Amino acid sequence: MAQAELAKAYRPADVEGAIYEKWLAADVFAPDGAGSRADPSRAPFVIIQPPPNVTGSLHVGHAQRTAVEDLMIRHARMQGRPALFLPGLDHASIAAQVVLDGILAKEGESRATLGRERYLERMNEFVERTRGLILVQQRRVGASADWSRLRFTMDEGSAKAVRHAFVRLYRDGLAYRSEALINWCPGCQTSLSDLEVVATPTTGSLWTIRYHFVDEGSGRADPDHWIAVSTTRPETILGDTGVAVHPADERYAAFVGRRVRIPFVDRDVPIVADESVDRAFGTGAVKVTPAHDATDLETGKRHGLASIDVMTDDGAINDVGGSYAGLDRFAARSRILQDLAARGDLESERAHELVLGRCQRSDDVVEPRLKTQWFVRTAPLAERALEATRSGRTRILPARFEKIWEHWLTGIRDWNVSRQLWWGHRIPAWYCPDGHVTVSELEAGPEACETCGRGAPTLRQDADIFDTWFSSGLWPFSTLGWPDQTDDLERYYPGSVMETGYDIIFFWVARMMMLGLTLLDDVPFETVYLSGLIRDPYGKKMSKTTGNVVDPLEIMDLTGADSLRFALIHGAAPGQDQRFGQAKIDNARNFANKLWNATRYVLGARPESIPAGSPRQRPDPTRLGHIERWILSRSTATVRAVDAAMAEFQFAEVTRALNDAIWTQFCDWGIELAKTRLGDQTLDPAVRDATWWTLVESLDTYLRLLHPVMPFLTEALWGSLPRAADDPDLLIVANWPVVAPDAEADDGAVDALIELVHGLRNARAEAGMDPASWLPLGIAGPEPRMSAFEQLRPALERLGRARPLVIHADHASLGASAGPGALTIIAGDVEARVSVAPDASLPGRERARLEKELAEAEGFLIAARARLSNATFIERAPAAVVEGARQREAELAEIVDRLRGRLAL
RNA sequence: GGGCGGUUAGCUCAGUUGGUUAGAGCACAUGCUUGACAUGCAUGAGGCCACUGGUUCGAGUCCAGUACCGCCCACCA
């Protein structure tokens with residue numbers, strides 16, 4: 001493939017579109033694609049991505065997830081591992097219905113007016129439109145996912161997996177149908193899992209009301225004698241079937257066993273003694289409403305009290321409520337309080353802090369209600385999930401989430417998986433007219449009732465659907481063909497890394513773990529990488545209602561996907577939220593621009609002795625000078641740094657290391673130093689060639705290392721560099737850099753030169769010298785430093801604006817040569833003098849600068865000596881540390897000496 | 001009511017197992033149209049590492065406690 005020309009200016013839009021098409025055409029995303037260079041004998045790397053909800057568009061948080069996932073998959077791909085990134089979409093049952101219901105409402109339609117069938121048709125149309133947008137967004141971000149394996153949680157494969165999974169759980173006694181107190185959202189008209197109920201601290205009221213005793217003889221309520229109970233939910237009075245007091249409460253001991261009359265419904269109920277009652281709360285007597293409160297249900301069971309549901313599905317009072325029937329629960333509450341007051345039975349009202357459960361989706365106050373639903377028995381499942389993390393079979397990053405994981409899985413209650421919604425997988429349970437249950441994985445249903453043998457036509461399928469997370473929980477294997485024993489499943493299960501936000505650790509991660517272990521007898525993934533949340537620049541959570549949501553497409557239109565990715569990954573510490581704003585994007589864009597221009601420079605600096613289009617050569621090791629060895633040692637060190645960071649999932653460290661290496665080391669120093677070689681007409685052309693090949697070598701390494709972070713830019717730039725015969729056409733499948741065992745060693749000469757140049761520039765700037773002017777420079781220092789500097793003479797001259805440059809044999813000669821006004825620079829073991837005003841005495845500014853440096857050095861010297869004079873330090877600190885301290889002390893002593901000498905003039 | 005996290009430069013954040021002088025980006029100040037790049041270059045200023053105590057030869061780093069901010073979990077009316 002011909003080397004591409006680079007445009008003068010970096011324009012992301014021009015770069016990115018074409019490149020994604022190239023990748024697609026080359027078929028490199030699939031681990032077994034035509035363009036894949038993966039070694040099939042190596043262990044595959046599989047990343048598991050949370051399939052985004054099909055209803056929404058992606059926000060910048062999604063972009064970060066995708067960027068991090070893609071970073072990992074590209075890294076693995078370049079390492080030659082078969083790398084699978086399987087993309088997908090989630091049907092998001094309740095979330096989708098909330099969105100569609102909103103749209104329908106504007107059209108004057110609703111679930112009720114459409115009916116199940118037409119409603120689902122509408123949903124399919126809606127989903128068909130939105131799914132395209134999400135996929136486009138993912139591609140824009142650069143997701144190198146295997147689109148040939150795209151899956152959807154409502155597709156045939158998922159449906160089959162759901163049925164099979166449920167049947168397995170049912171047969172193993174891990175799924176059951178039972179009447180239990182569930183969370184009911186009157187707004188969504190469905191039950192919810194415990195996780196979907198948001199505990200919301202609220203200031204409510206605690207009302208104390210009177211229940212009159214029933215006279216045993218007459219059967220009448222005694223107007224003068226009562227027991228007072230306290231409640232926060234007076235409307236549930238209608239369902240009261242008892243009053244409970246603590247068995248040891250002497251105030252009420254005599255009343256236990258007597259009956260009281262429930263107002264309005266005129267039901268006579270017993271007073272029971274129960275340990276669960278807190279004597280100190282309220283009056284110490286509590287009304288018992290088993291159908292609407294978990295504690296009361298338990299109390300009721302213990303004492304044989306009836307459970308009476310007083311509510312309808314939409315949150316109104318039902319027929320049990322007599323004159324209150326049909327009233328909304330809150331309207332009923334007000335009316336009941338009025339009526340109690342009117343009867344003189346409302347004793348008191350006071351403000352009370354309580355925690356209300358609200359629906360995660362609709363914010364409605366959730367009602368505990370007694371319903372018959374399907375549950376998954378979680379205790380045995382959770383036990384296996386805990387075992388997997390405790391044994392280290394699966395590890396969670398950052399590790400602190402393992403504690404949270406432990407805590408949640410330890411106290412977990414059974415999972416209600418029934419939803420009274422339409423958009424989702426129907427529960428594969430059928431009922432015969434006698435109510436016998438038959439669970440079947442046949443799509444068309446069982447042929448007959450398992451219990452009584454009645455034929456299929458008489459059977460009715462359960463109207464409910466599954467909690468959306470039930471199908472999501474099967475994702476890591478349902479997408480690989482499970483329940484069939486496919487090659488994919490064999491090869492790619494369990495996955496390597498599951499990446500997601502910590503906010504769905506219980507909703508999703510825990511469910512995948514539990515179901516994977518139970519159904520496949522192995523963990524679904526080896527590492528859980530939890531990302532933090534993206535916040536706005538003020539630390540606020542991004543949300544549509546706040547209006548602080550950042551659209552990744554807008555950013556990418558403006559500054560490109562690469563800059564967005566770099567910015568997001570730069571702030572990605574595991575489990576740590578990050579504030580995200582324009583400044584970070586600008587910074588990333590500037591970095592991209594820098595790299596673009598550096599590459600342009602390298603291409604343009606090709607010596608004429610190397611023909612255009614020459615195949616890639618390694619720099620000739622016999623022709624390398626200090627500068628070349630230094631440049632190569634820097635990129636080698638960067639490979640090590642990036643490898644270490646990748647191994648520890650420290651992705652922010654990857655970008656930090658590359659930013660520093662490419663900008664500060666390669667551009668600011670490497671290229672500037674190389675210019676002094678490439679522009680040196682006295683050099684042997686073969687040496688100049690080696691310098692250029694060194695730049696190419698190093699740049700090539702950086703582009704490879706940066707590719708997982710900024711894939712488009714690096715692909716474009718790499719395409720313009722000379723390539724070796726064994727390189728592929730595209731960087732995406734090029735080899736990840738490996739540090740050669742014979743990597744060129746660096747002797748520190750260039751670092752010393754850099755330190756000296758820093759000192760020179762600082763001294764000149766402080767002295768108010770024109771930075772561009774050429775000034776005479778003298779230096780002195782030990783060997784072999786000075787011999788190296790002799791070889792580096794052109795570099796020191798150019799970067800230090802030094803002319804003429806005299807390298808003195810010793811410090812005395814240096815001192816004698818410079819005028820009294822010369823600037824002095826002490827850089828490590830090198831001393832330098834810049835002649836600026838040979839006839840003036842040491843000027844004030846120069847003196848001030850040296851005095852400041854002296855004070856600083858003296859401070860450090862005192863500290864160093866103090867440490868060394870401490871006998872226990874010498875005795876107990878490791879030898880290497882003591883030796884380091886000694887060297888440091890000697891260095892400082894010399895610097896202090898020289899500065900003092902200079903100032904004494 | 002339990003549990004977790006954060007507190008380092010004006011702002012946003014790094015700081016690996018305790019070890020020379022605590023770093024970066026942005027912002028700030030000063031000076032530069034240097035033949036890759038003004039989306040840039042050079043130089044600089046700016047930190048009792050929240051507080052108190054402890055362990056240690058040595059603490060931003062380990063331990064205990066305090067304060068403030070944030071998050072998660074939780075069926076007591």
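A note on names: the letters A, B, ... follow the listed sequences, proteins ahead of strands, and every chain is numbered from 1. In this text, all values refer to a predicted model and were calculated from it rather than measured experimentally.
- On a pure distance criterion of 3.5 Å, a polar donor-acceptor pair joins the side chain of A/Thr295 and the base of B/C75.
- Rounding to whole angstrom units, CD1 of residue A/Ile404 and C1' of B/C71 are separated by 8 Å.
- Applying the 4.0 Å criterion to OP1 and OP2 of B/G44, one finds that A/Arg845 has every side-chain N and O outside that range.
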Quiz item: Quick one: what's the B/S/- string for nucleotides 22-34 of chain B, heavy-atom cutoff under 4.0 Å, read 5' to 3'?
Solution: ---S---------
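- Using bins of under 30°, 30° to 60° and over 60° for the plane-to-plane angle, the ring pair A/His570/A/Phe566 lands in the parallel bin.
- The base of B/U20 is not paired with the side chain of A/Arg867 by any donor and acceptor separated by under 3.5 Å.
- In terms of phosphate contacts, A/Lys594 brings a side-chain nitrogen or oxygen within less than 4.0 Å of OP1 or OP2 of B/C41.
- Looking at heavy-atom distances under 4.0 Å, A/Pro537 makes no contact with the nucleic acid at all.
- Nucleotide B/C75 is matched to nothing when pairs are restricted to Watson-Crick or G-U wobble geometry with both distances under 3.5 angstrom.
- Atom CD in A/Glu856 sits roughly 13 Å away from atom P in B/G47 (whole-Å rounding).
- Spacing between atom CG of A/Leu356 and atom P of B/C75 amounts to 13 Å, rounded to whole angstrom units.
- Put simply, the side chain of A/Gln576 and the base of B/A14 share no donor and acceptor less than 3.5 Å apart.
- Look at B/G53: its Watson-Crick or wobble partner, with both distances under 3.5 angstrom, is B/C63.
- Looking at A/Leu854 and A/Val896, their side chains come closer than 4.5 Å, going by heavy atoms from C-beta outward.
- Side-chain atoms of A/Asp278 and base atoms of B/C76 include a donor and an acceptor less than 3.5 Å apart.
- Along RNA chain B, the nucleotide closest to A/Asn597 and the one closest to A/Asp668 are compared, and the more 5′ of them pairs with A/Asn597.
- The partner of B/G5 is B/C69, by the rule that a Watson-Crick or G-U pair needs both atom distances under 3.5 Å.
- Rounded to an integer number of Å, the gap from A/Leu533 CG to B/G6 P is 16 Å.
- Both tests hold for A/Lys675 against A/Tyr601: distance to the six-membered ring centre under 6.0 Å, angle to the ring axis within 45°.
- Looking at which nucleotide of RNA chain B each of A/Arg888 and A/Ala573 is closest to, the 5′-most match is held by A/Ala573.
- Residue-level contact check: A/Arg600 touches the backbone only, with heavy atoms under 4.0 Å from sugar-phosphate atoms and none from bases.
- Under a cut-off of 6.0 angstrom, the local environment of CD in A/Glu608 is sparse, with at most 12 non-hydrogen atoms contributed by other residues, nucleotides or ligands.
- Of the side-chain N and O atoms in A/Arg579, one or more sit less than 4.0 angstrom from OP1 or OP2 of B/U12.
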